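By convention in this document, chain letters (A, B, ...) are assigned in the order of the sequence lines, proteins followed by strands, and residues within each chain are numbered from 1. This is a predicted model, so every value here is computed, not measured.
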There are 2 protein chains.
Amino acid sequence: MQFLRKNKMLIIYAVSLAILFLLLKLFEYKLLIIDHSFEIYAGTIALLFTLLGIWLSRKLFSPKKITTIIEKEKIVEKEVFIAGPQHFVLNQKAFEETDLSARELEVLSLIAKGLSNQEIASSLFVSVNTIKTHVTNLFYKLEVTRRTQAVEKAKKLSIIP
Amino acid sequence: MQFLRKNKMLIIYAVSLAILFLLLKLFEYKLLIIDHSFEIYAGTIALLFTLLGIWLSRKLFSPKKITTIIEKEKIVEKEVFIAGPQHFVLNQKAFEETDLSARELEVLSLIAKGLSNQEIASSLFVSVNTIKTHVTNLFYKLEVTRRTQAVEKAKKLSIIP
DNA sequence: TAAAAAATCACCCGAAAGTATGAGGCGTTT
DNA sequence: AAACGCCTCATACTTTCGGGTGATTTTTTA
């Protein structure tokens, strides 16, 4: 009896299969006289067993097993103060609050490296005027008026290393 | 082309089915001469399409649809490293190697704070020209040509915070 | 697909930064 | 005392920055 209970599902599947085959066997003879009966028969089997497969898989791979993998992680930021040689991690939150675009951040980090507008323009393959525009916009967003100030603020906000 | 991309999966299924039917059709003739060929054929179809069904369902009813209902939130603490209030210690050795004078260091640190020459001059009660001279000299000693570079280098050398 | 946001470029102008050069005062070092 | 380094200041000149305005193109988003 224990065996029966433990393998309940398996037995149901087996019986279902047997019944299906039986039904198909019955149809087999009735359909033999019809044109293309074989194709129809094969198609029926295909369809039925596809459905069976779908049903089977939904039973077997029940949500439980799937969900354990895709549990949503809720990230809680916890401030940890450390010292020593910092491997820089961009402060995403602060970065977003500044409203800086990716390009502006790029320019900003090059400014911090001590490059002139012309040098930045060359290294990014754009005109100096474009860099000037970026610089002006980024100054506005950081609320500063000089590149040294911009670097200062950006470092304080952990936007650049 | 967009149609192709959007219905990629559908097309794959259709092609797979077609190929399966083709294979089965080929086997059909070869197996006709064998005893119980029909049963074997039907069985093969059944098996293949069961597998197809399983595969199909796993693709179609992807975790997404199931999980939205049973989404679980898992709280994970993520350490976020924040530039803590670093207690700066001047690198005496590096400082001496630069040959910078005390006054020059003073000017340098004000430059790093984002002050203009005029502002530095005012805060040190000297003329702008004096500051310019200091700046020029300190650039020479640090082997740079721009204040942003000077700040970069000085920070790297731990001469300024 | 229309609207919004980014990225691109240009031109002008004034302010700031940077270069070069010279020079006077002041304390220490030889 | 002469030499040296440092701080101070000035003048003159060049280059770079930064502000303002306007426009086009590309990308993203609603």
Between CD1 of B:Ile131 and P of C:dA17 the distance, given in whole Å, is 11 Å
Mind checking B:Thr136 for me? I need base, sugar-phosphate or nothing, with any heavy atom below 4.0 Å counting as a touch. base
Closest heavy-atom contact between B:Pro161 and B:Phe88? CA-CD1, 3.4 Å
Can you tabulate the close N/O pairs, meaning under 3.5 Å, that link protein atoms to atoms of nucleotides 22-30 of chain C?
none

What's the CG-C1' distance between B:Leu115 and C:dA17, to the nearest Å? 14 Å
Within this structure, what is the OG-CZ distance for the pair B:Ser158 and B:Phe95, rounded to the nearest 0.5 Å? 13.5 Å
Let's see if you get this right: which residues in residues 150-161 of chain B place a heavy atom under 4.0 Å from DNA chain C? none
Residue pair B:Arg146/B:Ser101 against DNA chain D: nearer the 5' end by closest nucleotide is B:Ser101
Thinking salt bridges, do A:Lys113 and A:Glu119 make one under a 4.0 Å N-O criterion? no
Which two nucleotides bound the region of DNA chain D that has atoms under 4.0 Å from heavy atoms of chain A, read 5' to 3'? D:dC17 to D:dG19
Protein-nucleotide distance (B:Leu110, atom CG; C:dA17, atom P), rounded to Å: 13 Å
How is B:Asn117 classified with respect to the nucleic acid when contacts are heavy atoms under 4.0 Å: base, sugar-phosphate, or nothing? sugar-phosphate
Output the distance between atom NE2 (A:His134) and atom CD1 (A:Ile131), rounded to the nearest 0.5 Å. 5.5 Å
Under a 4.5 Å cut-off applied to non-hydrogen side-chain atoms, are B:Leu108 and B:Val135 in contact? no
Run the salt-bridge test on A:Glu97 and A:Lys93 with the 4.0 Å N-O cut-off and return the result as yes or no. no
Nearest-nucleotide comparison on DNA chain D, the residue closer to the 5′ end among B:Leu100 and B:Thr130: B:Leu100
Can you check whether A:Leu105 reaches A:Leu90 side chain to side chain, under 4.5 Å on heavy atoms? yes
Would you say B:Asn137 and B:Arg103 are linked by a side-chain donor-acceptor pair, where the criterion is simply a distance under 3.5 Å? no
Is it true that A:Thr145 and A:Gln149 share a donor-acceptor pair across their side chains at a distance under 3.5 Å? yes
Once you round it to whole Å, what is the distance between C1' of C:dA16 and CD1 of B:Ile111? 13 Å
